[in-house]
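Below is one structure; the comments refer to it alone.
Just so it is clear: chains get the letters A, B, ... in the order the sequence lines come, proteins before strands, and each one is counted from 1.
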There are 2 protein chains.
Amino acid sequence: MASVFSSPQASGGPRSLAKILDAARGVLSEHGYPALTIEAVAAAAGVGKSTIYRWWPNKEALVADALAEVFRADDIPDLGDTHAELRYAVDMTIDNYANEDIAASLPALAAGLLPHPELMSRFREAFLFRKRENIAVALRRAVRRGDLPDDLDTDLVQDIWAGTILYRRLMTGSPLDADLAEHLVRLVTDKPARRAGG
Amino acid sequence: MASVFSSPQASGGPRSLAKILDAARGVLSEHGYPALTIEAVAAAAGVGKSTIYRWWPNKEALVADALAEVFRADDIPDLGDTHAELRYAVDMTIDNYANEDIAASLPALAAGLLPHPELMSRFREAFLFRKRENIAVALRRAVRRGDLPDDLDTDLVQDIWAGTILYRRLMTGSPLDADLAEHLVRLVTDKPARRAGG
DNA sequence: AGCAAACGATACGTATCGTCTCGTTTCCGG
DNA sequence: CCGGAAACGAGACGATACGTATCGTTTGCT
């Protein structure tokens, strides 16, 4: 998969992207986000600073690219069982945000990209929407089975899942365990009483 | 209310905290987070840098203090109506995260505090738990009324509310409107079918 | 072989951080 | 109303990182 934030030119093309992305992940894992400077990545990659700046506009874009390759965006398998499929989706999301490198970088990433709408939307594309579409497929499948209501707001469901998980990870520090996953799935599958069926 | 991150000494005590906090909010509102440097705040407050560093360990702590005063943490009024009370709580949360200054600063704040557990926990205290306890009171009131299940996990409810709202604000950019508020309230009040009544 | 793109090294100017020193102002007790 | 201590303003300072620019070298395509 090509990188999202780098801008390979027409002919010839970059020769050191992979080396740089690997080095970025390495620095991040070994020394943490505060140590992740362009100069440190360049040194770890055995590369000149200019080479990094040739392909990425700034540090956040580089980190986003480096992490995008670690971010899971599986197709949700058709298991014939709605509960199991949604659990798969939630577990995948938990997996992503439980990842040390990702969790440690996301706030700084968001902070750095927020003032740059162009980069921010590319970030959303790479990080969120790729995964979201796969989960949406599973949700629509569940609707077709009759397990979820026709008017289900799939975006809201995903905002709730990802939002809760991320919030727990970054703000409250509560565990991201099977219990949470189960709650989040049931939040969607246990339909409201709807005032009639009582 | 005293500030959370500053550390006023025994006697004498600081004379310029308010001036500095006001200046910080001013710079933030007028020029945005990237312009919020210690030097800019000092200049805007008509204060020496050293005065700021005397009372706050770093920029994040200062910003956290400045924003904590803007953060709403109302008591949820006893309206006799669970739905209305929870809606009040959700609206308040939306209000907080819809605030330009707060939303623009939160990621940078989280990024800066994350590597410092001590500051991070003081931040949680000031920003989250004050508000959460007030909302928890309303939730427990609703349980007592029989409108919510006895085993309600109030922390999870709040993680879902705040998480979803914050995620929408920072990541997807979806609107934080009455529709969302209503959905989030119903998520809690429309009890699951519980496998029996269905 | 030849050319252009990609590269590495590295110097440079700018910005901000957080520390420090020093002389001045403010406050409080006596 | 005086004197000392704390708080203060100004700003110099070293360290670090950013992002740009220059330049000679390597790489890979034709």
### Task
Apply salt bridge (charged side-chain N to carboxylate O under 4.0 Å, His left out) to B/Arg169 and list each qualifying residue two or more places apart in sequence or on a separate chain.
B/Glu100
### Message
Quick check on DNA chain C: between B/Ser50 and B/Lys59, whose nearest nucleotide comes earlier from the 5' end?
### Response
B/Lys59
### Task
Tell me which nucleotide among C/dC7, C/dG8, D/dA7 gets nearest to the side chain of B/Trp55.
D/dA7
### Query
Could you state the CZ-C1' distance from B/Arg15 to C/dT25, rounded to the nearest angstrom?
7 Å
### Task
Could you tell me the separation between the NZ atom of A/Lys19 and the C1' atom of C/dA6, rounded to a whole number of Å?
11 Å
### Task
List in chain and number order the residues that pass side chain to side chain donor-acceptor pair (under 3.5 Å) with A/Thr172, two or more places apart in sequence or in another chain; answer none if no residue qualifies.
A/Ser174
### Contacts of A/Tyr53 that satisfy side chain to side chain donor-acceptor pair (under 3.5 Å) - sequence neighbours left out
none
### Message
If the condition is salt bridge (charged side-chain N to carboxylate O under 4.0 Å, His left out), which residues does A/Arg87 pass it with, not counting sequence neighbours?
### Response
A/Asp91, A/Glu182
### Task
Would you jot down, in residue-number order, the residues of residues 25-38 of chain B having a non-hydrogen atom under 4.0 Å from DNA chain D?
none
### Summary
Whole-Å distance, A/Ile52 CD1 to C/dA9 C1', equals 13 Å
### Message
Quick check: on DNA chain D, is the nucleotide nearest A/Tyr53 upstream (toward 5') of the one nearest B/Gly46, or the reverse? Name the residue that is more 5'.
### Response
B/Gly46
### Message
So, using side chain to side chain donor-acceptor pair (under 3.5 Å) as the criterion, who are the partners of B/Arg145 when residues are at least two apart?
### Response
B/Asp78, B/Thr82, B/Glu85
### Query
Say you draw a straight line from CG of A/Leu139 to CH2 of A/Trp161; how long is it, rounded to the nearest 0.5 Å?
5.0 Å
### Message
For B/Asp155, give me all partners under salt bridge (charged side-chain N to carboxylate O under 4.0 Å, His left out), at least two apart in sequence or on another chain.
### Response
B/Arg132
### Query
In terms of heavy-atom contacts, does CG of B/Asp150 have more than 12 from other residues, nucleotides or ligands at under 6.0 Å?
no
### Task
Not counting sequence neighbours, which residues clear salt bridge (charged side-chain N to carboxylate O under 4.0 Å, His left out) with A/Asp95? List them please.
A/Arg72
### Counterpart residues, ring pair (Phe, Tyr, Trp, His ring centres under 6.0 Å), relative to B/Phe71 (two or more places apart)
B/Tyr97, B/Phe127
### Query
Please give, in whole Å, the distance from D/dA5 P to B/Arg54 CZ?
16 Å
### Residue list, side chain to side chain donor-acceptor pair (under 3.5 Å) with A/Asp22, at least two apart or on another chain
A/Arg25
### Task
Check the distance between D/dC18's P and A/Leu62's CG and give it to me in whole angstrom.
10 Å
Report all interatomic pairs (protein N or O, nucleotide N or O of nucleotides 12-14 of chain D) with separations under 3.5 Å.
none

### Message
I want to check one thing: is the phosphate of C/dG8, taken as OP1 and OP2, less than 4.0 Å away from some side-chain N or O of A/Thr51?
### Response
yes
### Summary
Taken to the nearest whole Å, CG/A/Leu17 to P/C/dA6 is 10 Å
### Query
End-to-end bend of the helix from C/dA1-D/dT30 to C/dG30-D/dC1 (five-pair axes, 10° rounding)?
30°
### Task
Round to a whole Å and report the spacing from CG of B/Asn58 to C1' of C/dT16.
14 Å
